[in-house]
Amino acid sequence: MTNYLFDRLFAAGHPDAIVIDAAGQTLTYGDLDRAVARYANALTSLGVKPGDRVGAQVEKSVANVVLYLATIRIGAVFLPLNTAYTPAEMTYFIGDAEPALIVCDPSATATLAPIANAARIVTLDASGEGGLADLAAGCSDRFDAVARAATDLAAICYTSGTTGRSKGAMLTHGNLASNAETLKDLWRFTVDDVLIHALPIYHVHGLFVAINTVMMAGASMIFQPRFDADAVLAVMPRATTLMGVPTFYTRLLAHPGLTREATAAMRLFISGSAPLLAQTHAEFHARTGHVILERYGMTETGMNTSNPYDGARIAGTVGLPLPGVSVRVAAPAGEIGVVEVKGPNVFAGYWRNPQKTAAEFRADGWFITGDLGRVDDNGYLSIVGRGKDLIISGGLNVYPKEIETELDALPGVIESAVIGLPHTDLGEAVIAVVVATPGATLDETAVISALTSRLARFKLPKKVIFVADLPRNAMGKVQKALLRDRYG
Ligand code: MCA
Ligand code: AMP
């Protein structure tokens, strides 16, 4: 029996080679295979069947990786959920994805129990302990992977939408395997590579781009719970590669420990998820001698383009289409248009949402990313803006509509507009512009604290500006560009 993704993830790693080093806790590929088998048996004993969704709102840990791989091995569908999501947000995801099992921190069981619907709840804490770990410890370390084809679902990743409602992107075994295989070759990952893994693992970047690419190469990763410049620099002498969002690079540049010597063992620094400023690219080169490789992707597609490994890595561009992936800009050559993508990396549609799926694909099968781009004479793509109203803060997407809906529901608020303003650390910061009812005693603190129970903290406005009215165009549409100019 073959399990399309699982078999490929374990094909290259030698059983005695280290795959994860998490603060001294090292696991070989053989250890990982046995741990995953135990979890696969545990999940099965909890009644999880092929095709069922396994929701994971779990802190980053080795156990969380084991859970992901076990879900794939039993033919179920992994549903990673940001640990910052509030119960209000979780209610929506659980209602929409209908997981058979929810894995969460022990402290969250009381909050999740009333909203879990038919799902069973089992625990896993930040150190990898909990009900699921206990159950797995008593299970066999052998498990025959459930057969899965390239077209079978491997994961559902929620991504917010311009309408304010998140949509579940359905990613297949073929989507994930093809993308990791391509990146491994393009970025020259081998068994000798050691990736510094400091990204969260509830998003495509840290979960699939990082982990799958490393495993496909039989390489290893140093696993850190979150990004911390000190901790990253401390392990750099024994690492070869880093994947990060631009904030990683600006924070490293702010650290006096970032030098040529500190980065001497490294062969590759990769950036993505948000635009990397040309200035950051240049400063990093000047300080370390390394040229950051920027790439471009999306939850729905995984990675689409990358600057080359050999050849010019050009600041301000996201490089060339990946081998096997087609990218086009819906505009005459050299002009700005919406970026569209086609290839084995492109998702299978939005979970239980055929209308949304239909709306975001062209009749000839191209996926409409909503990003605005331009292709230069050498074929390099630059992302020059967004056709969608989206803020990217520290690599995390925030859709203004979702925040505006919550703001508008607050007593004392007539209407609101949420915009992204340049921020030195996060790239963009979420800013709320609010029109209050005359006489309302609202202030910034009251507004932010009212949103706290509804929205994950990274979505909360960093600043609330009160205005008498919002600028509108002749169509009655709020002129956000004008607001950005005024308050930027
Ligand atoms: C944390 N906070 C944030 C963010 N992160 N606020 C805005 N934007 C953020 N990204 C808030 C916290 O809620 C907290 O607020 C305060 O800032 C400090 O939190 P802390 O945890 O200390 O922050 P941090 O650890 O320094 O995190 C910043 C970070 C992190 C390192 C930039 O957000 C991060 O790792 N981002 C990467 C996200 C990512 O993986 N994106 C890939 C998506 P309070 O004090 O009020 O509690 S996948 C994708 O986009 C596609 C596929 C692609 O192309 O990769
Ligand atoms: P997500 O929906 O979280 O997967 O975020 C995907 C979005 O992040 C894309 O549609 C782009 O708008 C943005 N993005 C990702 N990588 C880059 C990059 N290198 N430069 C500019 N924008 C990027």
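All values derive from a computational prediction rather than experimental measurement. Counting starts at 1 for both ligands and their atoms, following the listed order.
Contact annotation: the side chain of T263 approaches that of L258 to within less than 4.5 Å [non-hydrogen atoms, C-beta and beyond].
Under a 3.5 Å cut-off, the side chain of T405 and the backbone N or O of K401 do form a donor-acceptor pair.
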Identify all N/O pairs between ligand 2 and the protein with a separation under 3.5 Å and present them as a table of atom names and distances.
| unit_1 | atom_1 | unit_2 | atom_2 | d |
| --- | --- | --- | --- | --- |
| ligand 2 | 2 (O) | N397 | ND2 | 2.8 |
| ligand 2 | 3 (O) | N397 | ND2 | 3.0 |
| ligand 2 | 4 (O) | T299 | N | 2.6 |
| ligand 2 | 4 (O) | T299 | OG1 | 2.6 |
| ligand 2 | 5 (O) | N397 | ND2 | 2.9 |
| ligand 2 | 8 (O) | S273 | O | 3.4 |
| ligand 2 | 10 (O) | D371 | OD1 | 3.3 |
| ligand 2 | 10 (O) | D371 | OD2 | 2.6 |
| ligand 2 | 10 (O) | K388 | NZ | 2.8 |
| ligand 2 | 12 (O) | D371 | OD1 | 2.6 |
| ligand 2 | 12 (O) | D371 | OD2 | 3.4 |
| ligand 2 | 16 (N) | S273 | N | 3.2 |
| ligand 2 | 19 (N) | E294 | OE2 | 2.9 |
| ligand 2 | 19 (N) | R295 | O | 2.7 |
| ligand 2 | 20 (N) | E294 | OE2 | 3.4 |

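When the salt bridge (charged side-chain N to carboxylate O under 4.0 Å, His left out) test is applied to R8, no partner is found at least two apart in sequence or on another chain. Here R386 pairs with E428 under the salt bridge (charged side-chain N to carboxylate O under 4.0 Å, His left out) rule; sequence neighbours left out.
Pocket lining of ligand 1, defined as residues with a non-hydrogen atom under 4.0 Å away: L199, P200, H203, V204, H205, F227, V245, T247, F248, R251, S273, R295, G297, M298, T299, M303, S393, G394, G395, L396, L426, R457, F458, K462.
If you check the side chains of D408 and S416, you find a donor sitting under 3.5 Å from an acceptor. Between the side chains of N345 and S178, no donor-acceptor pair is found at a separation under 3.5 Å.
If you run side-chain hydrogen bond (donor to acceptor under 3.5 Å, both in side chains) between E283 and each of Q279, H285, R287, H281, only Q279 comes through.
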Problem - Derivation of the side chain to side chain contact (heavy atoms under 4.5 Å, CB included) call for D125 and D105 - result: CA-CA 5 Å; D125 70 16; D105 190 83; 3.5 Å; yes
Practice task
Walk me through it: do L81 and F93 pass the test side chain to side chain contact (heavy atoms under 4.5 Å, CB included)?
Solution key: CA-CA 9 Å; L81 295 157; F93 295 124; 3.8 Å; yes
